[in-house]
Amino acid sequence: MEEGERSPLLSQDTGCQEPPLSRSSPLTSSHLGSAFWEKWAQRTDFGGGQASSLPWGSSCLKYLIFLSNFLFSLLGLLALAIGLWGLAVKRSLGSSWGGPLPADPMLGLGLGGLAVSAVSLAGCLGALCENACLLRCFSGGLLAFLVLEAMAGALVVALWGPLQDGLEHALHVAITHYQDDPDLQFLMDQVQLGLQCCGAASYQDWQQNLYFNCSSRGFQACSVPASCCIDPQEGGASVNDQCGFGALGLDEEVAQRVVHLEGCGAPLRRWLHRNIRVVGSFAIAVVVVQGAELLLATRLVKALAVRKGAAEIPGLGGAAGPVHPSRGPCNRPPAKSAPS
């Protein structure tokens, strides 16, 4: 081969060498920018700590936790809105501003909705953003719920007998304070309408109420609520609030044609015995769902920890190890020239 000629293999090797970039070259800034963002993505901890993706199974866990907690957060926010609406309508919070919190069922509903929505949002955002800290907060909230539910269930089982004996006493209290609380009034009316009963032991228990007592001077004297009537609507489209007027002053033979004479104590016990399995099954289902959510969150936290540990080791987690300068693709030994 002549001296002026070059071997084709030698030309390929020399062509592989890239010319050095000057500071004014536009590629220099782009390379520096890409290197900066790669380092930032590797060091950031909000998105789970790493730029590599999760395995297929862990990704399914991630989106399952996100969707389930998204639904629970909506239910919690709905309960919170209903509780605040009820408090605003009755002005329970405004009347006791600066004093103790009112003993209102709507307040309990609002606080429960707030707790459920906060824990569910932590799980929802923790799964979506792959944030281990939020997932641990979510797991802690679920553990707190499970402990409280276990304590409540143990108390109900231990005090089941006294609770049944206290039903009639609770009905007497509801009769006495019937006009004082709209929620208590609504609950008592629903019990009497659903069980077709009146009072605690008999319809005469409404004599304990200040407004329905026969010695009262009001227009409701010697009367019972419309929910005690056999036919509250009396063939009309709406409830006749005066259907029970004067029922306490009638004989039982006449009164039984207008109102229910049996009290709600015994029917309420029978209703509880019939539906105790349904209530227990619902409580067990809630506990099982919360336990499953806790296990899924724990597995996702472990998957994030494994991915973070694998990415910190050179050559693992999808990142290639550094290339030795003497073994690079552009630093191959020169090819031998072909014999002339």
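Starting from 1, each residue takes its place in the sequence as its number. Please read all numbers here as calculations on a predicted model, not as lab measurements.
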What's the shortest heavy-atom distance between [X] and [Y], and which atoms?
X	Y	answer
Q290	L142	O-CD1, 3.8 Å
H260	I230	NE2-CA, 3.8 Å
C229	G244	SG-N, 3.4 Å
E262	A266	OE2-CB, 4.5 Å

- Query: Restricting to pairs with a member in residues 190-210, which pass ring-ring contact (aromatic ring centres under 6.0 Å, His included), not counting sequence neighbours?
  - Reply: Y178-W206, W206-F212
Are [X] and [Y] side-chain neighbours, meaning at least one heavy-atom pair lies under 4.5 Å?
X	Y	answer
P232	L193	yes
L210	Q179	no
R269	E168	yes
L167	L272	yes
R307	L304	yes
D180	Q185	no

- Do N131 side-chain atoms and C133 backbone N/O form a donor-acceptor pair below 3.5 Å? yes
Euclidean distance, [Y] [atom2] relative to [X] [atom1], rounded to 0.5 Å:
X	Y	atom1	atom2	value
L300	S58	CG	OG	6.5 Å
K62	L128	NZ	CG	6.0 Å
E252	Q204	CD	CD	7.5 Å
L74	F70	CG	CZ	4.5 Å
H273	L268	NE2	CG	10.0 Å
L64	S59	CG	OG	12.0 Å

Would you say [X] has more than 12 foreign heavy atoms packed within less than 6.0 Å of its [atom1]?
X	atom1	answer
F245	CZ	yes
R299	CZ	no
W160	CH2	yes

- Query: Tell me, which pairs form a side-chain hydrogen bond (donor to acceptor under 3.5 Å, both in side chains) where one or both residues lie in residues 215-230, sequence neighbours left out?
  - Reply: D189-S227, Q192-S227, N213-S215
Hydrophobic cluster identity match, [X] and [Y], side-chain contacts under 4.5 Å:
X	Y	result
I82	L111	yes
F138	L71	no
L87	L109	yes
V224	I175	yes
M188	L248	yes

- Item | Which residues share a disulfide bond (SG atoms under 2.5 Å apart) with C214, sequence neighbours left out |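 Counting only residues at least two positions away or on another chain, C214 forms a disulfide bond (SG atoms under 2.5 Å apart) with C222.
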- Query: Between L171 and D205, does a side-chain contact (heavy atoms from CB on, under 4.5 Å) hold up when you go through it step by step?
  - Reply: CA-CA 10 Å; L171 290 174; D205 291 332; over 6 Å; no
- Apply side-chain contact (heavy atoms from CB on, under 4.5 Å) to L294 and L146, showing your working. CA-CA 10 Å; L294 181 60; L146 289 174; 4.2 Å; yes
- Item | Residue that, paired with L296, satisfies side-chain contact (heavy atoms from CB on, under 4.5 Å) out of L61, V301, L135 | L61
- Message: Applying disulfide (SG to SG under 2.5 Å) as the test, list every pair that has at least one member in residues 142-182; sequence neighbours left out.
- Response: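 Listed once each, the pairs would be none.
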- Query: Would the SG atoms of C264 and C198 measure under 2.5 Å apart?
  - Reply: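 Unbridged: C264 and C198.
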All N/O donor-acceptor pairs, side-chain side in residues 116-123, below 3.5 Å, sequence neighbours left out:
residue, atom, partner, partner atom, Å
S117, OG, G113, O, 2.9
S117, OG, L114, O, 2.9
S120, OG, V116, O, 2.8

- Message: I need the full list of salt bridge (Lys or Arg N to Asp or Glu O under 4.0 Å) pairs touching residues 134-163, with sequence neighbours left out, sorted by first then second residue.
- Response: none
